[in-house]
There are 2 protein chains.
Amino acid sequence: MDEKDFERIDEAACRRFQSSIELAGRKWNGAILLAGMRGARRFSEYRTLVDGISDRLLASRLKELEYEGLIEREVRPTTPVSISYTLTPSGRQLITLLQPLTEWGHAHALERAGGIAVAS
Amino acid sequence: MDEKDFERIDEAACRRFQSSIELAGRKWNGAILLAGMRGARRFSEYRTLVDGISDRLLASRLKELEYEGLIEREVRPTTPVSISYTLTPSGRQLITLLQPLTEWGHAHALERAGGIAVAS
DNA sequence: GTAAGCTACTTATCAATAGTAAGCGACAGG
DNA sequence: CCTGTCGCTTACTATTGATAAGTAGCTTAC
């Protein structure tokens, strides 16, 4: 966590960092990936697990995440057709990397509420 | 990285995760924090390091990040007054946690370009 | 058999956010 | 004076998000 490690990051790494975090952090995307990790497969399962999202945004986010290669859409020709969305290895890796944020969010919330200092 | 670890995440952890990632991943926020980590202090330094951001958005993002406790705004009564924005410990911790994304972004880009499979 | 409901969407409309451009007051340098 | 920097703000347009409703194809309940 030394500042020095960050001072000589090149431009390409910065752009990669920015686009990665903005993809993962775009509204609902994090929660959708987390839902997939928690076992959601069908459209309606995602809608249940991702609290507050509308059908319209869920549909467009799933399309976007599929395009980005984080989710795979599979149509099974049952009757009626059932469609399942599963995380790709890339998507699983991403959310695994991001998991420590949960702990950070907890600590950060405590700090803001109670004013407890945190070690640098 | 077992899926099982994610299946019994409680509601509170999900909400924390979502709000944390959406704060960090909101457009420009990641790049601004990274700029701070790379040594930016003055408004104009951030503007230079964060490629493509406008004055208007930089000002509003800095205000937001200050409100969230990730950045500290300090007014020094020189003539003319100079204002410096530094990362708080919380902000530094956050970007340190997120740093692995750079590597992920690289691997993910390669995978998308070349179709090379990645281990789960 | 018909009314109601589920599934995976799309369409329409409106509010919120982001992008672009310009300006502003206090200075400083030429 | 004229131009330029600093740290913003204001005004306006474009993009994105939220809310609500509609849809085709099917299943279930009465």
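Taking atom CD of A/Glu66 as the reference point, atom C1' of C/dA8 lies 14 Å away to the nearest angstrom. Distance A/Asp55 CG to D/dT19 C1': 11 Å, rounded to the nearest Å. Note: CD (A/Glu22) to P (D/dT16) measures 13 Å, nearest angstrom. The CD-C1' distance, from B/Gln18 to D/dG17, rounds to 14 Å in whole Å. Here the C1' atom of nucleotide D/dG17 and the CG atom of A/Leu58 are 14 Å apart, to the nearest Å.
Closest of all the heavy-atom pairs between A/Ile32 and A/Tyr46 is O-CE2, 3.5 Å.
With sequence neighbours left out, A/Glu45 forms a side chain to side chain donor-acceptor pair (under 3.5 Å) with no residue at all. A/Glu72 is linked by a side chain to side chain contact (heavy atoms under 4.5 Å, CB included) to A/Thr86, A/Thr88, counting only residues two or more places apart in sequence or in another chain. For B/Arg15, the side chain to side chain contact (heavy atoms under 4.5 Å, CB included) criterion is met by B/Glu11, B/Ala12, not counting sequence neighbours. When the side chain to side chain contact (heavy atoms under 4.5 Å, CB included) test is applied to B/Arg47, the partners found at least two apart in sequence or on another chain are B/Phe43, B/Ser44, B/Asp55, B/Leu58.
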Using a 4.0 Å cut-off on protein heavy atoms (strictly under), produce a 5'-to-3' string for nucleotides 14-19 of chain C with B for base contact, S for backbone-only sugar-phosphate contact, and - for none. ---SBB
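Looking at A/Lys63 and A/Arg73, their side chains never come closer than 4.5 Å, going by heavy atoms from C-beta outward.
The only member of B/Leu70, B/Leu87, B/Asn29 that meets side chain to side chain contact (heavy atoms under 4.5 Å, CB included) when paired with B/Leu94 is B/Leu70.
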Any protein N or O atoms within reach of nucleotides 3-6 of chain D? Criterion: under 3.5 Å, listing atom names and distances.
from: D/dC6; atom 1: O3'; to: B/Arg42; atom 2: NH2; distance (Å): 3.1

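One finds the CZ atom of B/Arg16 at 7.0 Å from the CG atom of B/Asp10 (value rounded to the nearest 0.5 Å).
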